[in-house]
Amino acid sequence: MKITLKGDVVKEYENGVSAADIAKSIGMGLYKSACAARVNGKTVDLRTVINEDCALDILTFDDDEGKRVFRHTASHVLAAAVLRLFPSAKYAIGPAIDGGFYYDFDVEKPFTSDDLEKIEAEMKVIVKSGVALERFEKEPSDARELMANQPYKLELLEEHAAKGDKISFYTLGEFTDLCAGPHLMDVGAIKAFKLTSATGAYWRGDSKKAMMCRIYGTAFPKNADLEAHLAAIEDAKKRDHNKIGRELEFFTTADCIGQGLPILLPKGARTIQLLQRFVEDEEQSRGYQLTKTPLMAKRDLYRISGHWDHYRDGMFIFGDPDDETKECFALRPMTCPFQYQVFLNRKRSYRDLPMRLGETSTLFRNEDSGEMHGLIRVRQFTISEGHLILRPEQLEEEFKGCLDLAKFMLKTVGLAEDVTYRFSKWDENRKDKYEGTVEQWNEAQSLMEKILNDLGVQYTVGIDEAAFYGPKLDIQIKNVHGKEDTLITIQIDMLLAAKFGMQYTDSDGSEKTPYIIHRTSLGCYERTLALLLEKYAGALPVWLSPEQVRVVPISDAHHAYAEELVAKLKAVGIRAEADYRAEKMGYKIREAQLAKVPYMLVVGNDEMANGTVAVRARKEENGGVKAFDAFKADILLEVAEKRL
RNA sequence: GCUUCUGUAGCGCAGUUGGUAGCGCAACUGAUUCGUAAUCAGUAGGCCAGCGGUUCAAAUCCGCUCAGAAGCUCCA
């Protein structure tokens with residue numbers, strides 16, 4: 001048979017050789033680093049026997065799929081070690097994930113960090129002992145017998161059996177696992193690994209099902225790579241906004257105020273104000289009208305929108321929600337139905353559309369206690385909210401405008417390269433979560449798909465990620481821990497307008513129901529600030545820095561000059577302060593540097609005599625001596641251009 | 001909400017097997033007037049997150065509550 005290898009090299013082999021044999025024939029070096037093979041585009045075990053012509057790649061740890069196979073095998077080593085130390089443990093699943101792997105166990109007592117050390121030591125023993133890793137298949141009936149004591153495996157087994165699949169197993173010494181593979185040929189290559197944490201996780205990701213004990217770990221062929229990986233993770237944590245945001249005094253929290261209710265300190269409040277002004281001004285220039293709507297409403301409003309049914313538990317409610325004889329209010333968890341009242345204010349014509357409404361809108365959501373995280377997930381937050389009320393034929397154009405605005409925002413704050421796009425669809429098997437008919441969903445989703453494809457947006461599809469009233473384009477971003485959140489969203493809604501009786505008179509005199517786009521320009525300001533702090537490690541671009549210039553007079557004799565400079569900078573809108581304390585300049589510079597102030601202006605006798613400033617930028621320490629007016633012109637330009 | 005961990009002065013931390021608390025930085029006061037990342041000395045600051053329990057005795061052991069972290073689940 002003919003095997004087409006990398007680089008379109010074709011080699012002849014006898015039928016019945018394994019992928020591993022082919023790797024060996026190419027070179028023992030390749031065989032030793034091989035993790036899996038790709039046959040006609042499908043990742044398979046190296047044990048796979050090849051019987052016909054095909055395209056075959058040998059995958060190593062350098063390939064993403066190779067990494068996954070390597071780490072998935074490491075998860076089996078983990079499970080084998082756990083079963084040696086905790087023979088009564090029931091094992092569930094152990095996949096590779098980005099950056100590592102995990103394995104879920106049902107054990108009587110959750111694993112402690114001491115346990116992790118012991119398990120890791122046992123894994124080392126298993127890897128060193130060179131026990132073989134073997135694959136075999138069984139009929140479902142025999143497989144059931146083999147896994148009789150493993151309830152989670154039995155559950156998985158039944159699903160595979162129902163599909164008519166053969167049931168495959170991998171044996172690692174005395175440990176046998178139901179597993180589709182693929183796996184490494186043996187575990188000897190897993191030289192560098194580390195168990196990183198033990199946490200809880202629901203079986204099958206269902207909060208109604210049992211809580212398993214999950215062990216996370218990572219593995220590499222080389223120790224140096226493991227060390228580098230762990231160091232990179234530690235390094236990323238130093239940028240955690242929840243740490244530096246507090247250290248740099250952008251925000252704080254108070255036990256007596258409550259969870260998810262951050263206090264924005266002067267610096268945080270200033271940066272958010274700058275972002276808000278930027279968004280509001282930009283929206284105005286793009287034809288948006290600003291609204292200010294109430295922060296609360298009677299339950300009646302949320303009943304019309306459907307939020308009362310879908311999200312009542314997530315609202316802050318005043319009064320007894322079940323007592324129909326008395327008024328009951330709730331803080332608003334979204335702006336939609338409030339802004340719809342703007343449209344409903346009077347009879348609307350097709351000439352009023354598109355109506356673009358924007359609002360810097362504070363929302364309240366009673367998130368579950370375990371969900372809060374710094375400024376990223378909070379109970380009170382302010383978003384760059386907006387709704388576009390449209391004639392159907394305006395949908396594509398306006399959607400494009402929303403995306404263009406979002407991209408412009410991302411580019412301006414410097415996050416454009418850090419986001420991914422997700423087309424969030426409903427799950428037709430979970431109709432209770434969504435409103436509207438199959439036809440309406442199909443229409444809205446195909447419309448969005450067409451728009452996204454026309455615009456050439458590179459996106460992933462998220463099933464069961466839609467809003468209850470329609471599909472979304474979610475612009476996603478990861479924090480320093482790798483956890484993904486939605487930064488910006490653009491949603492097509494074909495349901496709520498009808499619920500609120502929103503209509504416009506078309507050119508032919510007929511009454512029509514408009515389409516609505518729900519969208520944000522820059523998402524939620526708290527979250528955006530958090531991601532900016534992480535992106536820039538606290539050193540925000542000059543235009544967003546709460547303090548842009550700190551003047552450092554060398555001694556008392558230079559205070560008057562410093563005062564004069566600060567006044568001149570403030571007069572042109574530059575946020576400048578001077579450090580008049582009786583400290584040495586080295587000390588003042590250290591503090592300004594740690595506070596990430598973009599520019600320090602050191603002034604002493606020379607500068608005072610010449611009308612100059614000695615510039616020290618936080619990036620390049622020696623900015624040279626400049627005429628003060630030249631510095632002022634430079635920074636004004638930098639701010640005006642919103643340079644990153 | 002669930003699992004695990006954590007909670008000592010504004011911040012970062014010590015506090016051995018239970019015997020009512022320290023260090024560094026910051027703050028304040030004084031001295032120092034200094035040329036690019038920490039001048040010196042002194043002073044003050046804590047119901048050891050809160051409440052309850054065990055004990056002759058609790059920062060330390062136990063329970064509950066609150067708050068913080070990681071993960072899971074959720075996210076209009």
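Please read all numbers here as calculations on a predicted model, not as lab measurements. Atom set for the values below is all heavy atoms of this structure, side chains included, hydrogens, waters and symmetry mates excluded.
Sorted by residue number, the members of residues 239-256 of chain A with any non-hydrogen atom under 4.0 Å from RNA chain B read A:Asn242, A:Asp255. Of the residues in residues 591-612 of chain A, those lying under 4.0 Å from RNA chain B by heavy-atom distance are A:Gln593, A:Leu594, A:Val602, A:Gly604, A:Asn605, A:Asp606, A:Glu607. RNA chain B lies under 4.0 Å from at least one heavy atom of each of the following residues of residues 210-217 of chain A: A:Met211, A:Arg214, A:Tyr216.
Rounded to the nearest 0.5 Å, atoms NZ (A:Lys237) and CD (A:Glu234) are 4.5 Å apart. With rounding to the nearest 0.5 Å, the separation of OH in A:Tyr515 from CD in A:Glu398 is 14.5 Å. Atom-to-atom distance recorded for A:Leu375:CG and A:Leu264:CG is 6.5 Å, nearest 0.5 angstrom. Atom NE2 of A:His310 and atom OG of A:Ser305 lie 9.0 Å apart (nearest 0.5 Å). From A:Glu247, atom CD reaches atom CG of A:Asp240 across 10.0 Å, with rounding to the nearest 0.5 Å. A distance of 4.5 Å separates CG in A:Asp235 from NZ in A:Lys238, rounded to the nearest 0.5 Å.
Contact annotation for A:Gly306: no contact, since no heavy-atom pair falls under 4.0 Å across all strands.
Between A:Arg430 and A:Asp427 there is no salt bridge, since no side-chain N of the basic residue sits under 4.0 Å from a carboxylate O of the acidic one. Under a 4.0 Å N-O distance rule, the pair A:Lys109/A:Asp115 does not qualify as a salt bridge. A salt bridge does not link A:Asp368 with A:Arg379: every distance from a Lys NZ or Arg NE/NH1/NH2 to an Asp or Glu carboxylate oxygen is 4.0 Å or more. Salt-bridge formation is not detected for the pair A:Lys588/A:Glu591: no Lys NZ or Arg NE/NH1/NH2 atom is positioned less than 4.0 Å from an Asp or Glu carboxylate oxygen. With respect to A:Lys90 and A:Glu155, no salt bridge is recorded, no charged nitrogen being found less than 4.0 Å from a carboxylate O.
Residue A:His558 places none of its side-chain N or O atoms closer than 4.0 Å to OP1 or OP2 of B:rG35. Phosphate proximity of B:rG1 to A:Ser369: present, with a side-chain N or O under 4.0 Å from OP1 or OP2. Here A:His481 reaches the OP1 or OP2 of B:rA70: one of its side-chain N or O atoms lies under 4.0 Å away. Listed pair A:Lys433 / B:rC75 meets the phosphate criterion, a side-chain N or O lying under 4.0 Å from OP1 or OP2.
Following rounding to the nearest Å, A:Gln259 (CD) and B:rG1 (C1') show an atom-to-atom distance of 11 Å. The CD atom of A:Gln491 sits 8 Å away from the P atom of B:rA76 (whole-angstrom rounding). Atoms CZ (A:Arg581) and P (B:rA31) sit 18 Å apart, rounded to a whole Å. What separates CZ of A:Arg377 from P of B:rA70 is a distance of 13 Å, to the nearest Å. Summarising the geometry, the separation between NZ on A:Lys588 and C1' on B:rU32 is reported as 13 Å, rounded to the nearest angstrom. If you take CD1 of A:Ile554 and C1' of B:rU32, they are 16 Å apart, rounded to a whole angstrom. Straight-line distance from the CG atom of A:Asp368 to the P atom of B:rU73: 13 Å, rounded to whole Å. Between A:Glu465 atom CD and B:rU73 atom P the separation is 11 Å, expressed in whole Å.
Separation of the P atoms belonging to B:rG71 and B:rA26 is 34 Å when rounded to the nearest angstrom. Comparing B:rC11 with B:rG46, their C1' atoms are spaced 14 Å from each other, to the whole Å. Separating the P atom of B:rG50 from that of B:rG35 is a span of 48 Å, rounded to the nearest Å. Taking atom C1' on both B:rU4 and B:rA37, the two are 40 Å apart, rounded to the nearest angstrom. Remark: the separation of the C1' atoms in B:rG53 and B:rU17 is 22 Å, to the nearest Å. Atom name C1', nucleotides B:rA69 and B:rU32: the rounded distance is 44 Å, in whole Å. One C1' atom belongs to B:rG24, the other to B:rU8, and the distance between them is 15 Å to the nearest Å.
For A:Pro110, taking side-chain heavy atoms from C-beta onward, the closest of the listed nucleotides B:rU4, B:rC2, B:rA76 is B:rU4. Here B:rA76 is the nucleotide among B:rC74, B:rA37, B:rA76 with the atom lying nearest to any side-chain atom of A:Tyr469. Out of B:rC74, B:rG1, B:rU39, the shortest distance to the side chain of A:Glu583 is found at B:rU39. When each of B:rG1, B:rU33, B:rU36 is scored by its nearest atom to the side-chain atoms of A:Ala614, the top-ranked nucleotide is B:rU36. For A:Arg616, the listed nucleotide lying nearest its side chain is B:rA37; candidates were B:rC75, B:rA37, B:rU33.
Both distances falling under 3.5 Å, in either a Watson-Crick or a G-U wobble arrangement, place B:rG7 opposite B:rC66. Nucleotide B:rC13: paired with B:rG22 (Watson-Crick or G-U wobble, both distances less than 3.5 Å).
Looking at A:Asp474 and A:Tyr459, their side chains never bring a donor and an acceptor atom within 3.5 Å of each other.
Between A:Ile554 and A:Gly604, the shortest heavy-atom distance links the atoms CD1-CA, 3.9 Å.
Atom CZ of A:Arg270 sits in a sparse spot, with 12 or fewer heavy atoms from other residues, nucleotides or ligands closer than 6.0 Å.
Contact of A:Arg379 with B:rC75 (side chain to base): no donor-acceptor pair of N or O atoms is detected under 3.5 Å. Donor-acceptor pairing under 3.5 Å, judged by distance alone, is present between the side chain of A:Tyr202 and the base of B:rG1.
Look at A:Tyr587 and the base of B:rA38; the rings do not stack under the cut-offs of 5.5 Å between centres and 30° between planes.
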